[in-house]
Structure formats: structure tokens, C-alpha cells
Number of protein chains: 2
Amino acid sequence: MSTSGTRQAAAARLDATFAALADPTRRAILAKLASGEATVMELAAPFDLSQPAISKHLKVLERAGLISRGRDAQRRPCRLEGASLAEVTEWLERYRQFWDESFARLDDVLRDLKTEGE
Amino acid sequence: MSTSGTRQAAAARLDATFAALADPTRRAILAKLASGEATVMELAAPFDLSQPAISKHLKVLERAGLISRGRDAQRRPCRLEGASLAEVTEWLERYRQFWDESFARLDDVLRDLKTEGE
DNA sequence: AAGCTATATAGCCTGCGGGTTATGAACGGT
DNA sequence: ACCGTTCATAACCCGCAGGCTATATAGCTT
């Protein structure tokens with residue numbers, strides 16, 4: 001079973017989620033939110049972007065279910081939501097054997113490098 | 001440490017990988033490749049798309065490192081490559097606590113539903 | 001009530017993604 | 001040698017993503 005909804009709805013959600021994650025600004029926003037809630041201003045600070053640009057990014061993240069937003073007077077604090085990331089994880093599981101192999105090969109490389117150094 | 005390369009190179013690779021995964025046609029291609037190599041014709045068959053469209057998708061997947069291609073006469077068999085998926089997995093790890101929580105909540109929901117049914 | 005702060009919306013521009021058709025190139029079969 | 005098959009490339013179109021500025025909205029503060 002999938003997390004919820006029909007197959008095509010799940011596909012549409014994955015579309016939105018992967019597309020949202022395909023932007024370094026948005027990933028940086030998520031990284032910051034991983035250490036707690038933040039307002040739009042706080043999230044915008046590190047970037048050389050206009051405030052509306054950040055608001056657009058946040059809207060993309062929200063529509064992808066990656067964040068949710070509260071209210072604190074005129075602030076709209078953002079919080080990271082795990083559900084979409086869970087869906088991505090679930091999707092990835094199907095390919096576990098492939099990236100397991102990759103990790104294994106990586107381990108080999110690292111071990112070899114270490115051995116060479118001795 | 002990251003899988004390889006500088007931070008911004010890693011970010012660029014994630015950009016390409018997530019963007020590649022943000023398309024249902026391309027995810028379907030990967031799904032088929034999960035059960036073994038396939039030629040362009042074989043991959044194109046299920047879709048109502050022109051052959052060049054599929055070639056474009058394959059190019060996107062290749063540039064994202066998600067597939068590699070061999071040679072068999074005039075065929076260019078495609079094979080799934082796990083390295084990029086491993087990088088995605090690695091990236092996701094940072095947010096594990098969040099999707100773990102989501103999975104936990106999902107489990108709760110499922111358990112509740114089951115209990116109701118008794 | 002007026003004004004400042006925080007955020008959203010509208011309108012615009014530009015580039016790129018994803019589709020198409022037409023054509024080219026590589027290789028095998030006969 | 002020729003033809004058919006497989007795949008790639010070129011040239012084009014359209015829509016949308018992501019940036020901007022300007023403006024509107026919401027809610028404190030005084």
C-alpha cells in the first residue's frame with residue numbers, strides 16, 4: 001500500500017515534491033527549517049533574493065507538502081513537514097538494492113584508499 | 001563527508017537528480033529499468049510519446065547519473081545506476097527524524113483504522 | 001488614526017523544459 | 001550494395017518556473 005490516495009495522485013505528489021527539491025534555494029530553506037521554525041524574513045536573510053522570490057519558494061514548498069505555516073501576528077512561521085519526505089523515502093525503497101550497491105562500492109573505494117595510505 | 005566533489009558540485013548534482021525524478025515518464029522508465037536493462041524502443045513502448053521525446057528523457061536521466069548506456073549493435077541498452085539515488089538517500093538522511101515521525105503517525109492511523117474495524 | 005513591519009499578490013520578462021516533425025547517422029541483414 | 005531498424009540531432013513551439021518591481025493586505029505600535 002502507498003501512503004495515501006490513488007496511484008496517479010501519488011505520482012502527482014511525487015512530481016511536486018521532487019520538483020520542489022530540485023532547487024538549491026529551497027533545499028537550503030529546508031535545511032534551515034530542520035533546526036526549527038522560522039519566519040519568512042529569517043529564511044530570506046541568507047539569500048540575495050527579493051522577498052517575493054522567497055515567498056514564491058515557500059509557496060512551492062507548501063504546495064508540495066514539505067512545509068506548513070502558522071500565524072504569529074503578522075509573521076507566518078514555517079515548519080518542516082515530514083510526510084512528503086516520507087513519500088520520497090518510500091519511493092526510494094523500491095531502488096534500495098541499487099543504491100545499496102553504490103554505497104558498497106563507495107565503501108570499497110574508501111577502504112582501498114585507506115589501505116594504499118598504509 | 002559527501003559522496004564526492006565539492007559542496008556546490010554536490011548541490012548541482014542534486015539539482016539534476018531531483019529535476020530528473022520530477023517527471024512521471026522518467027520515473028516510469030526507472031521503474032522498468034529496475035528489472036533489468038532495456039533498449040530505447042522497449043522503454044518507449046508503453047508511452048504515447050515520440051521516440052525523440054524518449055531519447056530526450058534518457059539524456060536527462062543520463063546527465064543526472066541515474067542511468068548509463070552500453071552498445072549492442074544499433075541498440076543503446078540502458079542500465080539503472082544507483083550512485084545518484086545513493087546521493088539522494090544520503091541527503092534524505094539529514095531529515096530522517098522528520099520522516100520517521102511521519103511514518104510513526106502513519107502507523108498510528110493504520111492501527112486506529114484496524115482497531116475500529118474490530 | 002497613522003504609520004511601521006511582515007507578508008502576499010499582481011504584472012512583467014526571460015529562460016528552459018518537454019513536446020513535436022523532419023532528418024541524419026550507425027549498424028545488421030539479405 | 002541496399003534497405004530496414006534503431007537511435008540521435010536539429011529546429012521549432014508553447015507553457016511554466018523563477019526572477020524582478022510595485023502594490024496591496026494584515027496586524028502591531030503609538
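In what follows, every chain begins at residue 1, and chains take the letters A, B, ... in the order their sequences are listed.
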For a quick test of reading the model, state the closest non-hydrogen atom pair linking [X] to [Y] and the distance between them.
| X | Y | answer |
| --- | --- | --- |
| B:Phe98 | A:Ala34 | CZ-O, 3.4 Å |
| A:Phe47 | A:Ile54 | CD1-CD1, 4.0 Å |
| B:Ala64 | B:Ala16 | CB-O, 3.7 Å |
| A:Leu21 | A:Arg27 | O-NH1, 2.8 Å |
| B:Arg26 | B:Ala20 | NE-O, 2.7 Å |

Spacing of [X] atom [atom1] relative to [N] atom [atom2], expressed in whole Å:
| X | N | atom1 | atom2 | value |
| --- | --- | --- | --- | --- |
| A:Asp23 | D:dG19 | CG | C1' | 11 Å |
| A:Leu49 | D:dT21 | CG | C1' | 14 Å |
| A:Gln74 | D:dT29 | CD | C1' | 10 Å |
| A:Arg71 | D:dA26 | CZ | P | 9 Å |
| B:His57 | D:dA8 | NE2 | C1' | 15 Å |
| A:Leu58 | D:dG19 | CG | C1' | 15 Å |
| B:Arg69 | D:dT6 | CZ | C1' | 11 Å |

Which residue, A:Ala19 or A:Asp72, contacts DNA chain D at a nucleotide closer to its 5' end, judged by nearest heavy atom?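 Counting from the 5' end, the first nearest nucleotide belongs to A:Ala19.
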Can you hop from B:Leu30 to B:Val60 via hydrophobic side chains spaced under 4.5 Å? no
Same cluster (ILVMFWY, side-chain, under 4.5 Å), A:Leu33 and A:Leu66: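 Yes, same cluster.
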Which protein N or O atoms sit under 3.5 Å from an N or O of nucleotides 9-14 of chain D?
unit_1, atom_1, unit_2, atom_2, d
D:dT9, OP2, B:Lys59, NZ, 3.0

Mind listing the residues from residues 26-41 of chain B sitting with a heavy atom below 4.0 Å of DNA chain D? Number order is fine.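 The answer is B:Thr39, B:Val40, B:Met41.
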What is the first contacted nucleotide of DNA chain C and what is the last, in 5' to 3' order, if contact means an atom lying under 4.0 angstrom from a heavy atom of chain A?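 Using the under 4.0 Å cut-off, the span is C:dT5 to C:dT9.
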Parallel, tilted or perpendicular: which fits the ring planes of A:Phe18 and B:Phe18, with parallel below 30° and perpendicular above 60°? tilted
Side chains of B:Thr89 and B:Glu93 only: does a donor on one sit below 3.5 Å from an acceptor on the other?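 On atom types as modelled, these side chains do not qualify, holding no pair under 3.5 Å.
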Look at the side chain of A:Arg79 and the backbone N and O of A:Gly36, then say whether any donor-acceptor pair between them is shorter than 3.5 Å.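 Pair absent, no side-chain N/O of A:Arg79 close to backbone of A:Gly36.
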The test is salt bridge (Lys or Arg N to Asp or Glu O under 4.0 Å); show your working for A:Glu62 and A:Lys59 and say whether it passes. CA-CA 5 Å; A:Glu62 190 176 18; A:Lys59 193 169 219 170; over 6 Å; no
